[in-house]
Amino acid sequence: MDKQNRKAIIAGNWKMNKTPTEAGFLLDDLIPQVEYANCEVVCCVPATDLAVAIAKCAGTNVHVGAQNVHFEKAGAYTGEISADMLADLGVEYVVVGHSERRQYFAETDETVNKRAKAALAAGLKPIICVGESLAQREQGVTEELVRMQVKIALGGVSAEQLKNVVIAYEPVWAIGTGRTATADQAQEVCAAIRKVVGELYGEDAARGLTVQYGGSMNAENAAELLAKPDVDGGLIGGASLKADQFAVIVDAATKG
Ligand code: 13P
């Protein structure tokens with residue numbers, strides 16, 4: 001299975017933006033602009049926006065995702081949200097291990113693995129984020145680091161479950177900085193991710209895996225990034241908050 005046969009997924013990560021009221025307006029604006037997309041369109045919204053997003057996206061081609069999930073099934077974890085709670089609400093995707101969570105909320109490769117497994121067990125599709133810092137890139141350890149992040153994140157994930165996994169390569173230095181990885185840099189690391197997944201699960205499984213790039217992807221640079229053979233989609237922060245910009249990226253994936 002090559003790029004044309006893989007599922008291209010353009011996912012917006014709204015991060016901590018948009019009240020439920022604002023979310024409704026943004027989706028009203030976005031939904032008609034992407035209704036003919038040939039790729040999968042996902043909006044990963046704050047927990048407080050999930051209900052309104054699910055109501056607005058019902059019967060449309062826009063899928064709803066959360067931005068985090070707890071790894072325990074239930075219990076005394078004040079403030080946390082379980083995978084079953086998300087699934088019951090109608091959530092389909094969940095971002096796991098975003099670098100902002102690794103940086104600010106003590107996420108580790110081990111907790112990323114636990115969250116990914118909890119999400120999969122509940123029938124959710126985790127979008128597992130990996131990527132290096134600027135210092136790590138300058139030290140020349142990008143590939144080793146990303147390989148390790150992928151291997152640990154997928155520990156205990158079955159080949160069947162892998163079909164529901166998306167991996168997003170998000171270099172930390174490119175997130176929210178306006179400094180995008182070049183298309184060649186994105187391709188190189190996305191290919192390395194596919195290679196390590198191939199080592200773990202075999203070539204066929206690796207060829208079917210959707211690998212996204214994220215980090216300052218926008219309406220101007222999306223087409224070049226998405227044209228690369230191992231870049232199957234994007235995880236978009238800032239540009240996902242503007243319906244018309246996000247729609248241009250969706251259109252670029254459709255063509256890619
Ligand atoms: P930006 O597109 O704002 O750089 O954010 C990327 C990101 O972190 C998506 O998860």
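Note that ligands are numbered from 1 as they come in the structure, with each ligand's atoms numbered from 1 the same way. Predicted model, so just to flag it, every value in this text is computed and none were measured.
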In plain terms, say whether [X] and [Y] are close enough for a salt bridge, that is, a side-chain N and a carboxylate O under 4.0 Å apart.
X      : Y      : answer
Glu199 : Lys195 : yes
Asp29  : Lys242 : no
Arg6   : Asp232 : yes

Do other residues, nucleotides or ligands put more than 12 heavy atoms under 6.0 Å from the CD atom of Glu224?
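No, CD of Glu224 has 12 or fewer neighbouring heavy atoms, counting only those of other groups under 6.0 Å.
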Kindly confirm or rule out an N or O of [X] lying under 3.5 angstrom from an N or O of ligand 1.
X      : result
Ile236 : no
Gly237 : yes
Thr177 : no
Glu100 : no
Gly215 : no

What protein heavy atom lies closest to [atom]? Include the residue and the distance to one decimal.
atom                   : result
atom 5 (O) of ligand 1 : Lys15 NZ, 3.2 Å
atom 7 (C) of ligand 1 : Glu170 OE2, 3.1 Å
atom 3 (O) of ligand 1 : Gly238 N, 2.8 Å

Heavy-atom closest pair, residues Val69 and Ala119:
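Minimum heavy-atom separation between Val69 and Ala119: CG1-CB, 4.4 Å.
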If you count the atoms of ligand 1 from 1 in the order shown, which ones are under 4.0 Å from a heavy atom of His98?
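The list of qualifying atoms is 7 (C), 8 (O), 9 (C), 10 (O).
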Out of all atoms in ligand 1, which are within 4.0 Å of some heavy atom of Ser216? Include the element for each.
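Atoms satisfying the 4.0 Å criterion: 1 (P), 2 (O), 4 (O).
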Between His98 and Glu170, a side-chain donor and acceptor under 3.5 Å
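Result is yes, a qualifying pair exists.
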For the residue pair Asp230 and Gln187, confirm or rule out a side-chain donor-acceptor distance under 3.5 Å.
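There is such a pair between these side chains.
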For ligand 1, note which part of Ala174 has a heavy atom under 4.0 Å away: side chain, backbone, both or neither.
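The answer is the backbone.
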Checking contacts here: is it the side chain or the backbone of Leu235 that comes within 4.0 Å of ligand 1, counting heavy atoms only? Could be both or neither.
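Both backbone and side chain.
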May I have the step-by-step check of side chain to side chain donor-acceptor pair (under 3.5 Å) for Thr111 and Glu107, ending in yes or no?
CA-CA 6 Å; Thr111 57; Glu107 191 82 79; 2.4 Å; yes
